[in-house]
Amino acid sequence: MRTCLEMGEKFGELSKKNQKITVEHTSANPNGPLHVGRARNPIIGDTISRIYTKAGYDVETQFYVDDIGRQVAILSWGISNIPESELPTSDRKKIDHELVRYYQEANRRMEADEGVADGIKKLMKSIEEGDENTLRIFSENSDKVMLGMKESLERLNILHDSYKTESSLIVDCSVDSALSKLEGLEQCEREDNALYFEGGEHKIFLTRGDGTSLYPLRDIAYHIWKAGRADQLIDVLGEDHKVHGMFMKNILEALGIRPIPDIIFHSFVSFEGKRMSTRKGAYVTLDEIMDLAHERARDEVLKRRDDLSQDEVEKIAEMVGLGAVRYNIIRVQPEKPMNFKWDEALNFQGNSAPFIQYAHARAFSIIDKWGGDETKLISEADLDRLDEEGEIRLIKKLAVYPIVIDSAAGLKAPHIIANYAYDVSAQFNQFYRDYPVLKAEEKMIERLALVKASKNILSDVLNILGITAPEYM
RNA sequence: GGGCGUGUGGCCUAGUCUGGAUAUGGCGACAGCCUCCUAAGCUGUAGGCCGGGGGUUCGAAUCCCCCCACGCCCGCCA
């Protein structure tokens, strides 16, 4: 515990590894707003990045933008061919919400009308032929939707360090160079001039018969590119990419590329038993749930505080509401299926973010009321005097923090951090109930030191979860 | 049909890699606790043949085999 106090926020930080890790996450098709089904990916990716940073690695997070794929082609066709007057009104004034209407309507028309399908095919073809005008249109549309997604992610405290567009891999010939490497592989063969990789009983097609690239090839090019810039790669992918991921690793291995990515697969968040779909418009958007969480949190704040300014109320509502959303998703192992339920996502009690935030606020409040010199706690406290059961239990809980970081990183299991945060909070709340601090007959300094150490860890662990630690709530 | 994953009280969940003693918590329900540092808290009660069956073992939620249910994938889409 002395170490914990002396190190402050640095406690739990593992030795510097001098290793660069690139974490790829989110990488959602820029065709519309992020929905809750997709939100699991960025939350896992961002948390794992923060865990690795804490574990001593140099982490870069990256969003792989599919700006030339079919989804953007459909979106672009819609934007160029459908007048806004033929669309339903947008559910909110936000660029990704507005543009997704074109995507959805284009999908509808594509199914009903072969001419539309052909139009979209034509777009795909010209992008593959390197038509600069089409590329410009695609990137513009993709950028616009990305703007909206970034805004949503930022609100959730998720920022990518870099973005890599698929088109850039074609333009700089990374795809061509990957292709020539692959052609030399004995597992690669051609069928009607289309190159494929033979893996078990599966054929993974890398190019079309006309020589244009397919997603697996471009993804390999991307990973070769990434491998040249990092010591370790982590990808966060949905479970629908399992086969793809496995073959990509095999292919990279066959090419002798290193590092091979470690892939964290997560299952989807379904809604009312069904998978969410951007195309069909069957989803709850991330924006929607963030707004609702904020509102719910505001109600809760107002229920118990009448002494705060409106500004303060809104600030707390944002911290608490969004914390609840992030926590609810990260607390469960990635591979477990989740069924989205409003009352769980907006749960503010028990195993939830507000519970942890509340413990932090309590700890902060004690230190704040005391108002002394915190640095003195380290030198003046005789920590051996903290020998009562509840004190010892809390100290032990705090002490394992570095081990928790290490195993969460090693197992690539962000939910371990969430569970730990809950455990510390529960233990702190029991300590809070059983042992007076400021009114302690003796041991006040010692207990203050323990409160301070708890507060440090709580705020640090919340930070790893990307959740704000409030000073009061 | 094949591959991968998931299955733990009414609901959600930890533990499964690395087997160990009465299986972890939460929500909900019920019963309590604010003259005392924030009750978004705390305490107690009820609720579980750990999907089913077989096996390995002194010992299995955990390892092996079979089966069942659910999800994802099985395109010259991504």
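Here is how names work: the chains are called A, B, and so on, in the same order as the sequence lines, proteins then strands, and each is numbered from 1. The structure displayed is predicted, hence computed values, not measured ones. FYI, side chains are in, hydrogens and waters are out, and symmetry mates aren't considered; it's all heavy atoms of this structure.
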(message) According to side chain to side chain donor-acceptor pair (under 3.5 Å), who are the partners of A:Asn107, at least two apart in sequence or on a separate chain?
(response) none
Residue-phosphate contact under 4.0 Å: [X] side-chain N/O, [N] OP1/OP2:
X        : N     : value
A:Gln357 : B:A40 : no
A:Gln349 : B:G28 : yes
A:Lys336 : B:G5  : no

Using both distances under 3.5 Å as the test, list the Watson-Crick or G-U wobble partner of [N], or none.
N     : answer
B:C33 : B:G41
B:G47 : none
B:C17 : none
B:A23 : none
B:C72 : B:G3

(message) Using a 4.0 Å cut-off on heavy atoms, which residues in residues 403-411 of chain A reach RNA chain B? List them by number, or say none.
(response) A:Leu411
(message) Short of 4.0 Å, heavy atom to strand atom, which residues of residues 465-473 of chain A count as contacting RNA chain B?
(response) A:Glu471, A:Tyr472, A:Met473
(request) Go along nucleotides 72-78 of chain B 5' to 3' and tag each nucleotide: B for a protein heavy atom under 4.0 Å from its base, S when only backbone or sugar atoms are that close, - otherwise. (result) SSS-BSB
(request) Would you mind building the protein contact string for nucleotides 30-35 of chain B? One character per nucleotide, 5' to 3', B for base within reach (heavy atoms under 4.0 Å), S for sugar-phosphate only, - for untouched. (result) ------
(request) Go through B:U43, B:C12, B:C37 for me and flag the one nearest to the A:Ser365 side chain. (result) B:C37
(message) For a quick check under 3.5 Å, do A:Asn141 and A:Ser76 share a side-chain donor-acceptor pair by atom type?
(response) yes
(request) Indicate whether the side chain of A:Glu312 and that of A:Tyr472 have a donor and an acceptor atom separated by less than 3.5 Å. (result) yes
Nucleotides 23-25 of chain B: which of its N/O atoms have a protein N/O under 3.5 Å away?
{"residue": "B:G25", "atom": "O2'", "partner": "A:Tyr422", "partner atom": "OH", "Å": "3.3"}

(message) Just to be sure I understand the rule, does A:Phe428 reach a base, reach only the sugar-phosphate, or reach nothing, if contact means heavy atoms closer than 4.0 Å?
(response) nothing
(request) Could you tell me whether A:Glu253 and A:Lys249 have a side-chain N and a carboxylate O separated by less than 4.0 Å? (result) no
